[in-house]
Each structure stands twice: as C-alpha cells, then as structure tokens.
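I have placed the structure first, in the form of structure tokens, so that the comments after it can refer back to it.
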Amino acid sequence: MGTTVSRRWALRAVALAAFMTSAAFAADPVKIGSVVSATGPAAFLGDPEAKTLKLYVEELNKKGGLLGRPVELVLYDDGGDANKARTFATRLIEDDKVVAMVGGTTTGTTMAMIPVFEDAKIPFISLAGAIEIVEPMRAFVFKTPHTDKTACQKIFEDMKAKGITKIGMISGTDGFGKSMRNQCLKVIGEYGITVLADENYGATDSDMTPQLNKIKNTAGIQAVLNPGFGQGPAIVTRNYAQLGIALPLYESHGVASKSYVELAGPAAEGVRLPAPALLVVDKLPADDRQKAIGSAYKAAYEKATGQPVSTFGGYGFDGIQILTQAIARAKSTDPQKIRDAIEATKDYVGVTGIYTMSPTDHLGLGTDSFRMLQIKGGDWVMEAK
Amino acid sequence: MLGRLLRARYATLFLLAAIMIAVPYLAPSAFYLRVAAVVWVFALAALGLTILMGYAGQVSLGHAGFLGLGGYAVAIGPARFGLDPVLCLFLGAALAGALAFLVGRPILRLKGYYLAIATLGFGVILALVFHSESDWTGGPDGMAVARVTVFGTRLAGAATWYWVTAGALLIGAFLALNIEASPTGRALKALHDSEVAAAGAGIDVGRKKLAAFVIGAIYAAFAGGLLAAMNGLITPDAASFMHSIELVAMVIIGGLGSVLGAVVGAAFLVVLPQALTVLQEYEQAVLGLLIMVFMIFLPAGIVPTLRKWLLERLS
C-alpha cells in the first residue's frame, strides 16, 4: 500500500514536472524579426548575417530562451531589393507582430525599412554601414557596424602619430568609396592634415596609373589614402608598387579580407589599414577584452557553417546580442522598453567593438573598435595600439 | 451569359474593381494590403509592356529604366526644385514619354533580337546614370522621397496607398482596354502579325510602333513614381536589368496581350515569393520551377488559357 501511494505521488510529480516544462515551452515565444539580403548581389554580407542570427537564436533557446520564453526568429530574405525589404518589414510588424528587428544588410534596404519601424515604434538594429542610418538620430533605429567616419578617424589618428600632415587621396566612385571620401574630408581638419591631390577612379577601371602618377608628381605628399571597396583597391595597390611610389599607402576597412591580399600580391607588402579585431582575433594579446568573445564566435561560426568567419556575420552577432541582452535587462517585451534598454547599452564587449550607446549615439563605437594593421609577408600584423 | 461576359470589353474592368473592393475585407492585416498595393503598381508597369509587347509585338528588356525614371522624378523634383510631388509624378511620366520618343525613333528600326539588345542597353544606361550621378540621385544607396500630401492630407499607411494604387491601375486598365479597341490598337495588332502586311494595308508602321513604345514608357514611369512615393525611397536597383526581366516575365506568365493577364502576372511574381518564404533556402529554386511549369502547361499565359478553356466549356 505504502509503495503504491509513493509511486502514485512520484507519477504525479513527474506528470506535474512534464506539464510545467511543456507549459514553459508553450509560453508565447519572443518574436524577433530579421530581413537580410541572404541572396542577390549583397549575399556576401547577408548570408553570414543570416547564418549567425540563426545560430545564436538556436543557442539562446538551448539555454532556456529569454524571460523564460522561447525565442522565435522570423527571418526573410529580401535579395537586396529595397522594395521587397519594405514589404517584408511590413509583414514582420503587421503579420508576425515581432517585438524588435535585427537586419537590413545594405544601406538601401535599411533606409527603405526605417519609416516602417519608426511609424510602428518597433526597435530596429541595422547591420548596414552608412552613417545616415543613425545621423540624424531616429528614436527606434540603431546599428552595429562601424561607419566610414570611424575608419577615417582611425587612419588620421595613425597618420598624426607618425607626423604625416600632407596626403594624397585616390577614391573609388562606387557607393563605398564616395561615402568614405566625403566622411574623411569632413573630419580631416580635426587632425591638421591637408589633401594635396584628390583623385578618383571608376569601380570597374582596370588601370589607375595616370591618377597615381599625378599623386606621385605632387610635391610634399607624405602618404596616400585609398577609400575603396572590391577589386579597385587591389589594382591601386599593384599600380602603386609598379610606379615605385615609396610613400606609405593606407587602405580602408573595405578591403580587410584575405582576397585583397591575394589580389594585390606582393604589392600589398607594407600597406596599412584599419580593421575590426575579429580579423586578427588569434593575434590579439591575451589581455585584450575582445579576445575571448571574438575567439568564441569564430569557433562557433566556423564549426556550424564550415566557412571562414567574416566581420559581416560579426555585425549580426553584435546586433542579436545587444537586442537579447536589452530584452533581458528590460524584463519585458514591450517595444518601447526594449528601445530604452538598447539605448542604455553600456560597455557591451562585442566582436565588432565595445559598444556604449546613449540618447545621442545609437551606434556607440569609437575608434578603438578598429585595429591598425599592416600587411607583412602576405599576412596581417598588429601595430601597437 | 458567362460567354458574353467573357467577350465584353469592360468585363475585365468590373472583375478588377470587384477584386479591389474584396481584398480589404479578406485581408487579415495591413501587410496584405501592402502586398496588394505592390501588385497594383507592378501591374500598372506591366500593362505598359502589354501594349508594347502584347499588342504591337515589340520586345523591351529595358523597361525598368522608365520605372526608375518615374521614381527619381518624384524623388528629385521635390528635393532639388521644391516641386509638388504629385506634379512630379506627371512630370516624370511626361519625361519618360519624351525620352522614349527620342530613343524610340532609332531603336524601333531594329527588329527581334536586335531590338531586345538595344532596349536592354538603354535600360542599363539609365540604371548606370541613377547609380553614378550621386549628387543628383544619392548614388547606390538611393534617395529618400518626401511624403506626399494631397489636399492637405498626408498619404501614409498601407491602406491609403492600397486605394491610390488601385485607382491608378483601374484608370490604366481602362485606357489600355480602350487603346486595344481603337484604330491604333487594331493597327498595332496588325503589325504584330506582319509588318509587311500592315504597311501594305496603309498603316504607318514606324509611327505606330513609336506610339506603343511611348505609351509603355509612360505607364512604367507612372508606376515607378507611385512605387517611390509609396516606399518613401527609390534606389537604382528599381531600374535594374533584373526588374526589366521581371516585368517581361509578368506579361508573359499572365498572358501576352491580356490586360487582366498583366495583373495576374504581377500578382504571380509579387505574391509567390511572399508565400514561398516557408521554404527558406529553396524559395528561389521553387519559384523558378513554378515559372517553368506554368510556361510548359499554360504557354499562352494564365489568363488567355483559362479564358479559352471557359469559352470552350460554354459553347
């Protein structure tokens, strides 16, 4: 008799436990939306972002989700089309009823989606580069990637430290090159540096020798800066070496990838560029605050996807971390409270940088989010901070 | 009764209006109105191609260029010249018409593949201009469009734009149906069948082809202007080659030369990607497969095949 009772109680306890866990999982999921360009011309940005978001939402659910509720990622692929992005943004808000969104791979798709989220008062953490996303400030819009402006500041800091005051510039006329050139010219005065020659090239040009010759023949230039993206900078670097220009060459964070080093070959030797810590995470000193999180992300991403880690996926990682941490701090899924919590993000150590947001700064990254690298022997070498 | 209805000229218009009125009652959320509004806009652009390709039999692979032109007119006019956005919508259409008139004269002397390549080149040039003249167009990231105000009310929200675009499409469809039944429409269909025979019958082939090209451009520019105003943004991507192909695909899938076909084709290519998102990575592959299946089994397009089937069943 006694055993039957205790067995019955044990059964009840098991049933109750099972019921409770199922209740916990049956709780309404916290819906987080995302629209990225996983296919199309911006797929090299959007694909690692999508994979990272999926990976970390899965991981979060394994750890028990958020606020005791599972997290559901509603992810759409806009194919790089701004019109589709806007339709998906409407879908996330009207149909899926998400509490927040991490996404927007390109500046174009982000700008198309901003009005939708601003009108609906739903927080939106963008993964696109341009500074226009957070300047002027919008109440519900944040972003994680560093801007061209930060890269310019980092480069000029380095030049100033080396006593360089007169430079030549050769910029791509693509979106990236143009935007960075403008941002650089805006802040250059603060560093007492002047531009003596300002040249440009088309994104598909195959020879930049004439422009570089002009720079070479301009007296007084101490260094050359090349804001550009894609294959242009590799050609500039090759032509630069062919012309035997002995001045230091600065490239942008836009070429911070192995393919640039491969394309430019030995000509890239000695080139300096700002890059996020993730690129050199193995070489960071052990006491670097970003070392642990960067290594962990790299290992997890490469294990899950079998592909090398990219800084673009890192933007997605920081976006989802900042958001989920904000939801945890807010102890609520009310979009207004999530917004306030994101804005209060303080000293979050991410793979892209260390973020401290404020009511006047919805990016929260300083120049310390970049590391000055130099190419030596076909590999990156850290310069002293 | 149904047979007569299927043959009546304005039956298409009534059916379209009935669908437009029904959709808001059936839509569970504003998202569906947004999708429908996008369908109406692309249907309007496709209607222009229906006139050019379906009636006159001339291919254009650069039609999205005119779409972009209309969009940028609505973006640049108010921002740079302080013009009224509604006025710019019409200015953009007029500009596209004028441009089509200028380039159409030499281009339309070409036939078949050569015409296709020439229009392709034209579209690519327009897309390049939008891409690189960043002082005017904002470059690759696109340009914001000021919100449109009509008689003191700001046009915002999916529901408002649903009715604006629906109205525009209805007017566009009405005009297209009238063109089809007019002497010009008959002339276009004649030169579609045989240019030599049409010329022999006294039709000024060159002029009629040019007219179809200009009308097609005006439709596309108007649609582009509406799209830009509705989205509050226009990017050079709107004028891209891929969008030109998409417009051609809409016309062919829906049914070449059918006004309702243009709408069905636009709905096919706008709604399906939304419905296929559940397939995740396989979305594009399944979309391609569906297009192939439809073209194999309904080679004349969805609407003409259905219409023929219905008429045969009735007789």
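In what follows, every chain begins at residue 1, and chains take the letters A, B, ... in the order their sequences are listed. Since the structure is predicted, the reported quantities are computational estimates derived from the model, not experimental observations.
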I'd like to know whether CE of B:Met242 has more than 12 heavy-atom contacts from other residues, nucleotides or ligands below 6.0 angstrom. no
Contact part of B:Leu227 toward chain A, heavy-atom cut-off under 4.5 Å: side chain, backbone, both or neither? side chain
Residues pairing under salt bridge (Lys or Arg N to Asp or Glu O under 4.0 Å) where one sits in residues 132-147 of chain A, two or more places apart or in two chains, turn out to be A:Glu135-A:Lys149
Which distance, rounded to the nearest 0.5 Å, do you find between the CD of B:Glu246 and the CG of A:Asp81? 7.0 Å
Is a donor on one side and an acceptor on the other found under 3.5 Å between the side chain of A:Lys84 and the backbone of B:Val270? no
Between A:Arg91 and B:Tyr32, is there a donor-acceptor pair closer than 3.5 Å when you use the side chain of the first and the backbone of the second? no
Taking all heavy atoms of B:Ser29 and all of A:Asp95, pick out the closest pair and write down the distance. OG-OD1, 3.2 Å
Go through the atoms of B:Thr235 and report whether side chain, backbone, both or neither lie under 4.5 Å from a heavy atom of chain A. side chain
Does anything in residues 97-107 of chain A pair up under side-chain hydrogen bond (donor to acceptor under 3.5 Å, both in side chains), and if so which pairs, sequence neighbours excluded? A:Glu49-A:Thr105, A:Thr106-A:Thr109
Heavy atom to heavy atom, less than 4.5 Å: which residues from residues 35-48 of chain A reach chain B? A:Thr39
Hey, mind stepping through A:Leu92 and B:Phe31 against side chain to side chain contact (heavy atoms under 4.5 Å, CB included) and telling me if it holds? CA-CA 8 Å; A:Leu92 284 180; B:Phe31 156 65; over 6 Å; no
Is a side-chain donor or acceptor of A:Arg86 paired with a backbone partner of B:Asn231 at a separation under 3.5 angstrom? yes
By side chain to side chain donor-acceptor pair (under 3.5 Å), A:Asp96 pairs with (sequence neighbours left out) A:Tyr76
Closest heavy-atom pair and its distance - B:Leu233, A:Ala82: CD2-CB, 4.1 Å
Of the listed B:Met143, B:Arg147, B:Met230, B:His131, the one with the largest count of heavy-atom pairs under 4.5 Å with chain A is B:Arg147
As an exercise: rank A:Asp119, A:Asn83, A:Thr173 by heavy-atom pairs under 4.5 Å with chain B and give me the winner. A:Asn83
List the steps, then state whether side chain to side chain contact (heavy atoms under 4.5 Å, CB included) holds for A:Met111 with B:Asp141. CA-CA 8 Å; A:Met111 295 313 269; B:Asp141 293 337; 5.9 Å; no
